Amino acid sequence: MTPQQISDAVVHVLEGLVTRGAVALAEVPGSVVVERPKVRSHGDYATNVALQLAKKAGMRPQELAGLLADALREVGGVADVQVAGPGFLNITVEAGAQGRVAAQVVAAGASYGRNEALAGRSVNVEFISANPTGPLHLGHTRWAAVGDALARVMEAAGASVTREFYVNDRGNQMDKFGASVEAAALGRPVPEDGYHGAYIHELAEQVVAARPDIVDLPDDERLVAFREEAYRLQLAEQQQQLEVFQTHFDVWFSERSLYGEGKVDHGLQVLDKQGHLYEADGALWMRTTDYGDDKDRVLRRSNGELTYFASDTAYYVDKRERGFDLCIYLLGADHHGYVGRLKAMAACAGDDPESNIEVLIGQLVKILRGGEEVRLSKRAGSIVTLGELVDLIGVDALRYTLSRYPVDSPLTLDVEEITRASAENPVYYVQYAHARLASILRNAADLDLAPAGDDFDPALLSHEREGDLLRALAEFPRVVASAAQLREPHRVARYLEETAGTFHRFYDACRVLPQGDEEPGDLHRARLLLVAATRIVLGNGLALLGVTAPERM
RNA sequence: GCCCUCGUAGCUCAGCUGGAUAGAGCGACGGACUUCUAAUCCGUUGGUCGCAGGUUCGAAUCCUGCCGGGGGCGCCA
């Protein structure tokens, strides 16, 4: 019996009581909260419906709970129901009903955990979106891990998801970047407001190596040539590193392309039709204050140049016209000032800022190195890059470390510690559980035993540790659904850690395979099925985080 | 000044969108391998959930105020 089935049963029973007139309720909720109690004596599952509905029904909570308990005891698969405390219902499930979860998991296989929470939604998830003026650093790496995991989780919840990287390849930062590389190549001092990292000199060397004639170009041509060559190299490096990091983008969207293809003009027209544009002081404005922004925003400056915000607007309109009904932006806390104007902009475009656009603000990552905080500055050149981090701790450990925390919690990572502690990373706890499971299944195969969901006695899985594990497995679809709905992929990681622990404790107490000359029995077969189900859940969960599930460790 | 965000064990952090006795890892101390992987398990240690009010059967969780850390408030990108 899964939590969902229990919830359905409670609703059904409640409807019955209302129909019989035993309970006076204007409205029966479509689902009720079914949770796993922390304390064993509170049963396998508990629900607080009676507490929630007592007032509306004009009854004392315990009275309503008593009626529900009597009716629920008659439900198939339910072993016992107790009323406890102020009116909780503590439900105990029959071992057989609970054990069948293992067969359900194995039958579903790789699709176990998938659900319909976001079915039918077409989502664009934009993340990282760094300037192509330097290597990706730890901050970007956090968004890479979290953004990709979020996309995976939302897909598992039934959404159609596109991962998108917006390349800010326009504007004066690009010129400063080009000028810095050029200066480095010519042996001149890099401009004060330019980029100063060692990577600038490496880029300069690469550019000159690829195009030796570049230094002889006329000044203005030379600057452009350096800028474009360095841009090409830097973007390629970002792309290559993200692929190594198992983060694949479906779309790399160049800001410049908005201009080349007239999309900015088109975007402005769309907004103009909605009536939120006006001219003042020689500039073109969007009246974002119509929708809660603190001030109106300039789209085209009085000198005729379009602002970055104009690009953003056109880009958003373009996304919507490409068919996405939800555009998610993952931004660092240093950009949270954009939230108001982005939402207002969506409203000005005629959309619903509550449903068409979401901005997830993530706290920045603080880095300690040698006990000192490393100030992340691309221009000063003090950065810890994605490439360095991958080399230090590996893709799996890095992805996992960054995606096991909620994005709105600030993260402090000590570079030495994260390197030294990589062996203690919780990811290995989960992966080790998976490898153990795989090992049992290999050993079973050597004994000609294979997990068979259609030939086992679920009631044999009655050990306390087996029950714990079955309930954990039954929880997985709810975890995936809530992670998707709340946009919190870290819930999957936390769930995996818990479930891995539950498995390790099961393993410690329950022998799965026959020993010595022992003949395989029904209990062996039942436990083997439970092992197969657990391996599927851990494997599916790790996949949602983009982390590998090793067969051996 | 205005806005956002965070404040939970010595450290890093969870806390299932209001539930029952607030958890995990690391650290410290002590146990468990002739048996399916000891990268594991078990026990001990450890808390005024920043502070003060409020909402209700019930608050770490929601509301208000204050204190403290971080961040944001350009016709910059």
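Residue numbering restarts at 1 for every chain, and letters A, B, ... go by the order of the sequence lines. Computed from a predicted structure; not experimentally measured. The figures here come from the full heavy-atom set of this structure, side chains too, leaving out hydrogens, waters and symmetry mates.
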Does OP1 or OP2 of B:rG15 have a side-chain N or O of A:His490 closer than 4.0 Å?
yes
Rounding to the closest angstrom, what is the interatomic distance between B:rU45 and B:rC33 at atom P?
24 Å
Where protein sits on nucleotides 18-35 of chain B, one letter per nucleotide: B base, S sugar-phosphate only, - none, heavy atoms under 4.0 Å
-BB------S-------B
Should B:rA32 form a Watson-Crick or G-U wobble pair with both distances under 3.5 Å, which nucleotide is its partner?
B:rU40
Check whether the side chain of A:Ser439 and the base of B:rC36 form a donor-acceptor pair under 3.5 Å.
no
Please find out if less than 6.0 Å separates the ring center of A:His463 from that of A:Phe506.
no
From CZ of A:Arg142 over to C1' of B:rC13, roughly how many Å is that when rounded to an integer?
11 Å
Quickly, which of A:Thr307, A:Leu342, A:Leu271 forms a side chain to side chain contact (heavy atoms under 4.5 Å, CB included) with A:Thr313? Name it, please.
A:Leu271
To the nearest Å, how far apart are A:Tyr400 OH and B:rA14 P?
13 Å
Mind checking if A:Tyr429 touches a base, just sugar-phosphate, or nothing, with heavy atoms under 4.0 Å?
sugar-phosphate
In whole Å, measure the gap between the P atoms of B:rA14 and B:rC6 for me.
10 Å
By the 4.0 Å heavy-atom rule, please label A:Arg491 as base, sugar-phosphate, or nothing.
sugar-phosphate
Test item: side-chain donor near acceptor, A:Tyr316 and A:Glu126, under 3.5 Å
no
For nucleotides B:rG10 and B:rG47, find the distance between their C1' atoms and express it as a whole number of Å.
12 Å
Would you say a side-chain N or O of A:Tyr432 is under 4.0 Å from OP1 or OP2 of B:rA39?
yes
Going by the angle between their ring planes, with limits at 30° and 60°, are A:Trp285 and A:Tyr278 parallel, tilted or perpendicular?
parallel
What contact category does A:Ala333 fall into here, base, sugar-phosphate, or nothing, at under 4.0 angstrom with non-hydrogen atoms?
sugar-phosphate
Which part of the nucleic acid does A:Arg552 contact within heavy-atom distance under 4.0 Å: base, sugar-phosphate only, or nothing?
base
If we take the P atom in both B:rC3 and B:rA20, what is their distance in whole Å?
34 Å
Considering only the C1' atoms, how many Å lie between B:rC4 and B:rC49, rounded to the nearest integer?
23 Å
Check whether any side-chain nitrogen or oxygen of A:Arg341 sits under 4.0 Å from OP1 or OP2 of B:rC73, and answer yes or no.
no
Starting at OH of A:Tyr405 and ending at C1' of B:rC6, how long is that distance when rounded to a whole Å?
16 Å
Regarding A:Arg40 and A:Asp468, does a basic nitrogen lie under 4.0 Å from an acidic carboxylate oxygen?
yes
Would you say A:Arg436 reaches B:rA38's phosphate, i.e. side-chain N/O to OP1/OP2 under 4.0 Å?
yes
Same-atom distance (C1') from B:rU17 to B:rU35, integer angstrom:
46 Å
Figure out the NZ/C1' separation between A:Lys343 and B:rC3, and round it to whole Å.
16 Å
Between B:rU37, B:rC13, B:rG71, which nucleotide has the shortest distance from any of its atoms to the side chain of A:Pro406?
B:rC13
Which whole-number value in Å describes the distance from A:Asn168 CG to B:rC76 C1'?
13 Å
Decide, for B:rC16, between syn and anti: a glycosidic angle within 90° of 0 counts as syn, anything else as anti.
anti
Whole angstroms only, please: what is the CG-P distance between A:Leu469 and B:rC41?
13 Å
Could you tell me whether the side chain of A:Asn90 and the main chain of A:Gln82 form a donor-acceptor pair under 3.5 Å?
no
Take the angle between the ring planes of A:Tyr291 and A:His276 and call it parallel below 30°, perpendicular above 60°, tilted in between.
perpendicular
Only pairs with both distances under 3.5 Å count, Watson-Crick or wobble alike; so what is the partner of B:rG68 in this structure?
B:rC6
Remember a base hit wins even if backbone is also touched, and classify A:Glu551 as base, sugar-phosphate or nothing at under 4.0 Å, heavy atoms.
base
Distance in angstrom units between A:Arg525 CZ and B:rC36 P, rounded:
21 Å
Could you tell me which nucleotide pairs with B:rU17 by Watson-Crick or G-U wobble geometry, both distances under 3.5 Å, or answer none if nothing does?
none
Could you work out the separation of B:rG23 and B:rC67 based on their C1' atoms and round it to a whole Å?
27 Å
Using the side-chain hydrogen bond (donor to acceptor under 3.5 Å, both in side chains) rule, take A:Asp169 and A:Tyr231 through it: C-alpha gap first, then chi angles, then the decisive distance, then the call.
CA-CA 8 Å; A:Asp169 55 5; A:Tyr231 164 32; 2.7 Å; yes
Now, which nucleotide makes the Watson-Crick or G-U wobble pair with B:rC76, with each of the two distances under 3.5 Å?
none
Determine the contact category for A:Asn303: base if any of its heavy atoms lies under 4.0 Å from a base atom, sugar-phosphate if only primed atoms, P, OP1 or OP2 are that close, otherwise nothing.
nothing
Could you tell me how far B:rC11 sits from B:rG50 if I compare only their P atoms? Round to whole Å.
14 Å
Return yes when atom CD of A:Glu518 has more than 12 non-hydrogen atoms of other residues, nucleotides or ligands closer than 6.0 Å, and no otherwise.
yes
With a non-hydrogen cut-off below 4.0 angstrom, is A:His504 in contact with a base, only sugar-phosphate, or nothing?
sugar-phosphate
Could you report the tightest heavy-atom contact between A:Gln363 and A:Trp143, atom names first, then the distance?
O-CH2, 3.5 Å
From CG of A:Leu486 across to P of B:rG15 the rounded distance in Å is 10 Å
